[in-house]
Structures are given as C-alpha cells and as structure tokens.
2 protein chains.
Amino acid sequence: MNLKQFAELAGVSTATASRALSGTGRVSEETTSRIVALAEKLGYQPNAIARNLRTQRTMTVGVVVPMGHDALQHLSDPFFNTMIGFLADALVEHGYDLLLSRVLPDDERWLDRYIGTGRVDGILVIGQSDQYHVIESMARRYRPMVVWGGQMPGQRHCAVGSDNFRGGQMAAEHLIARGCRLLAFAGPGLGVEFGERLAGVRAALAAAGLPPPVELPSHFEPDAAYRDLAKHLGALDSMPDGIVAGADVTAASMLKALAEMGCDVPSTIKVIGYDGLPIAGHLVPALTTIDQHLREGARIMVDLLMRRIAGEDAPSVRIEPRLLVRQST
Amino acid sequence: MNLKQFAELAGVSTATASRALSGTGRVSEETTSRIVALAEKLGYQPNAIARNLRTQRTMTVGVVVPMGHDALQHLSDPFFNTMIGFLADALVEHGYDLLLSRVLPDDERWLDRYIGTGRVDGILVIGQSDQYHVIESMARRYRPMVVWGGQMPGQRHCAVGSDNFRGGQMAAEHLIARGCRLLAFAGPGLGVEFGERLAGVRAALAAAGLPPPVELPSHFEPDAAYRDLAKHLGALDSMPDGIVAGADVTAASMLKALAEMGCDVPSTIKVIGYDGLPIAGHLVPALTTIDQHLREGARIMVDLLMRRIAGEDAPSVRIEPRLLVRQST
DNA sequence: TTGAAAGCGGTACCAC
DNA sequence: GTGGTACCGCTTTCAA
C-alpha cells in the first residue's frame, strides 16, 4: 500500500496523511490521531526510499573500512568488529542506521565512488591504512566525514584517535620501569598509526639510554601472525625481555606463540598490547595494554559527524591514551 | 549533478545516458563508450536512492539483532561482532551492502516496522532470543528472511545454525572422556539455543550414569558475567571438575575467574566453550570449543537469502557442530 | 538506436 | 487546517 491508497482509505489528501504521519506541519489533533490509528491498524508505513529521495536525507551513515590490498584485513578482524559495534551503538542513539561496506581501494577514486551515489548522509572511516592522501583530498570537497586515526601536522580531515606516539612511549616506559632492558616491537609494517607507535617506543628507549627495539613484522590475519611471530622470535640472537605489540590482536598472537615456546609471561618476558579491546582483559594472563578508549572514541566520532552533517565545522579530537596495567607485565 | 544535466552535457537524452551507464538496453558501442568516458571524467554517478525507488530494489540487506531488554547485549558483543563481520564479507561478494540496526523488540510489531519501510531487499536475523514467535509469524508473510538459530519441529522460518543439542552432548562427552565426573553448565538462562545445549549436556551425563550438571547462571555483559561466575563458583559445595560454557565469551569469563581463584586449567578443572570464535584460539590456555563454523554459516545464510530474494524457496540448513580440541581440556 | 514521457512513493510549497 | 500539485532523480515503456 502506498500513501495515495492509504490517504484514500482515510478520506484525506496525501498531503494531510503525510503530515499527520510524519508529525510535521499543521494538522488538527483529531485528524492526526485518527490517521495514526488507521495506519497502525492497517500496518501502513511510508516508504523510506521515497522519503529519502524527496528529503535528500537518508538517516544513514556509511562506515567504510579501507583495506589496502597488501593487508588482508577482513571486516571480521576483532578491532574493526569492536569499533563497528561501538559505532552502531552510538549511531542508534541518534536515530541513524549504519551502512557497512568493505571498500577495496583499487584506485584513487574509491571514496568518490562511495559517496557519489548519495546513499548516506555522512561517513565514518575506520583507519587511514595507506589511503591517507585519498582521505585527505576527499576532505577538501566533502565535509560530513570523520576518520578514526592519527593527526599529522597540517592535516585537513577530521580525525579522532589516540596520540600514537605518546601511547608507544607510555608502553615502552612501562616495560622499562618493570625492569625490561631489551624490547621488541611487534606489529604490521603498514599504516601511519603503527609507525607512530614504534617511534614512541624508540624515543622512550633512547631517553633511557637503552638500545633500539627489535622489530618483529606481523600479519593482520591471526593465524599467519602467530606463525610469523613464532618464527621471528625463534630466529633472534638474544631474546628480548619485553614486547610492545602494535595492537591487542598482535599481542594475543604473541602470548600464544610465547606459551608454546615455554616462555612464561610475565616472569620471563613481559607483553603489552595496544587498543584496549574488551577481549584483552579476558586473555590469560590478562593483557596489559594502552587503552585508546574505543567506546568513547566511537561516541566522539559520531558526535562530530552529527555536527558536520548539521553543517557545523567540527575539529579533530585527540584521545589521551591510558596505561591499563593487568597481568602480562 | 543529476542525470538530466549530465545527459545534456553529453548531448543525448536521459534515457540513452541511463542505458549507457547501467549497461542495460540497446545503445551503440560508440555512444556507450563516449558516455561512460564523460561520466568518468566529470565524476558523475547516478543517484542510488532514485534508482532504488524506481527499480524497487536496494541491493542492501538488513542485519538485525533482536535484543530482549532483559539481555543487555550490545552490538559490541564478540559473537555478534564476529557474525556481522562474516556476513559482511559474504554479502560484499554478492554486491550487497549491509544495513545494521539494533532493534528493540518492545512490542510484537518490531519486525513489521523494520521491514515495512522498504529499505532492504531482505533481512538476516542474528539469534532468535526470546522473539521466536514474532519471527515465526513474520515468516508467514515475508519470504526473504534467514535467521541464525535453531530449528524446532514444525518451524516455519528459514534458519541456519548448529544442532545445539548435539553440540552440548559432544561437549559433555568430551569432558567425560577426559575423566570429568562432575560437570557444570555456565550460560545465560535465556534463549532457545542455550536450553538445547544444556539438554544435550544432561543427556550425555545421564547416558554415562553421572549426576546432572550444576547450573551457573551468567550474564551477557562480560564484566558482570565474570563477577557472577566467580561468585557462583565460590558458593558451590563441591567444585566441578569440568565446565561446559554456553558460549565462548562465557568460557573466557570462566577462565578468568578460575585463574584468579588459583584453579589451574586444564589440570584441576577443564573448560569447554561453544561457538568457535576465532578469538577463542588466542586465549591462554587456548580454548577447546564446539565449533559452529560461523564463517561457513554466514556464507550459507547469505546464499539462502540470495535465493529467497530471487523468489526461490530455500530450506533451513543445520550445521554439524565439531569438537575443536585445544588446551583447556 | 534514440527520445519523450510516465511513473516509483513520498514531501512541501502554495492556495484556499 | 486542508487539498492540489510540482518535484526529488532515475528507469523503462512506447513511439519514432
């Protein structure tokens, strides 16, 4: 049933029916309640697509995860999962739905292609990956976009994320304070964020007069990551006594690899993660980590996006990372 | 820019432009390539909303998670997360987008309200929760719907899920074979699935001539679950030597509670989970679990839904659960 | 092969 | 307060 038919049954014009149902405009109390009751009874609901077309609003926000084809990250990666869940929770509170798309950044225009079709009122991008420049150039033309990621000097796009350098620094400082003298950094090579974290680790070690960190490259894909780490660990000349993982997921693989090698955590070797995923507290030993406050971060992203959709000019927000000490250090 | 303006620039009618861009209908080679090239150059893309309205298709699938208000499950729950990720991966391969909504089943009509607005071509429901009858009655009128969950005798709606009774049975049998004599079942009280799993555990124990399982009620919310479990465990007269958790998430909380009580897993007490979340392999000790093959399940759900959207009548599929032995037993 | 025009199902302006 | 009607931007029949 469409509005025309419904209005006919109600004995009013489509205009009146529309106004009564959407609650906008001047319709008498009685007419309104009569029409609403009838709609309820008949199970009539206005078609959202038609409304979207007319109003030019979709009440939907796109969440896109740019996946560099090197990094085989699935949407099922725990970090994305968690983030998407938090974003959904926050968007729902604002009455928005979440359109989830995996986008393959095969050329420079993927973001244009995504936005151009007008299915969403705004977008949230999770992770800059290796698409920093694409996002940056999009930000020039497209306002309602908020990105989870770092802020570089002179950056144009609105980003929410922790101070990755500071976080890396905190992680290393904590391990040093716990008595570690030789650190390793385990993480995927790609991505601005990870580079910053590593730089923070370097800085802390230098400040303490200690040697630079051993780098253990790692995959995103859990099983591969685990194998990589085990292999690289085994090949080291001297075993580090502390490991900073670039992400909680990496730390989890690390814990597994260490357990199989018979290295006790934290007595023999200490491990600290990065992200603050809820699941990290469930690992045994519970993972010490740098908490990025993802739930709050998601809420902030959504708030900023709402303001940008409304036409305001919301600025980037930097989240202060926090050391969350648990049992793995 | 809209189609009319674009067509004007291209020097053709809107009809021709539309046909050339959508690849449907008869347009000469040259015209087509000329128009496509121009669109590329100008960055013109047809508006998806308008297309959806006209074609009555959205190329979007809704994923809804009915949340009984008793169970405070967030979309950020690891099980949902994981499932949503897998579904997204599968949908993307079919060219569909995923519209994520948290639905509060406050009355009997939530499903009608969701579907009635016509924003999606079909829906995937994750978990029957306590909404079995609502889903069942919807299935009578609405075909393109596939549900993750169990299959009861005489069930109308198309469901994909593991044989929960069999799974519970397998879990218990495994613990018994490992020498356990007093089992506990930890899980949220609600939900058909969990009841079935518990029944399976009961059956296995009875068949082995062992006493029925102690029941440890638990929350969905991780921290609360952990506290609950610790409390209930402490209050038991005699400690069980094996625990079947109704979900991997519950098992994770369990492992944590046990670690803090100083109970070694698996030597003192053995723990088996249910779901087969990828993250479960990262717990230490790595969690033995009943694998529901979620990734494959998601793929099957999507395949069935595609067939239903196409008008076919796809049947329910039961997934054979599999025992995945790791270190916690 | 191409173009003119009628919708898809609403919303919102304008007149009464 | 209510009704008539022009649009939102595209697809698709029908005619040329």
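First the proteins, then the strands, lettered A, B, ... as listed; each starts at 1.
One can place CD of A:E8 at 14 Å from C1' of D:dG3, the figure rounded to the nearest angstrom.
Of all heavy-atom pairs spanning A:T60 and A:Y96, the tightest one is N-CD2, 3.5 Å. For the pair A:F86 and A:P278, the tightest heavy-atom approach, listed with the atom from each and the gap, is CZ-CG, 4.2 Å.
Using a 4.0 Å cut-off between charged side-chain N and carboxylate O, B:R307 and B:D313 make no salt bridge.
Only one option out of B:V61, B:L99, B:L111 pairs with B:I123 in a side chain to side chain contact (heavy atoms under 4.5 Å, CB included); it is B:L111.
Residue pairs meeting the side chain to side chain donor-acceptor pair (under 3.5 Å) criterion with at least one partner in residues 115-126 of chain B, sequence neighbours excluded, are A:D97-B:R119, B:T58-B:D121.
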Annotated protein contacts, base or backbone, on nucleotides 7-13 of chain C with a non-hydrogen cut-off under 4.0 Å, one of B, S, - each: BBBBBBB
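Residue B:T31 has a polar side-chain atom (N or O) positioned under 4.0 Å from OP1 or OP2 of C:dT2.
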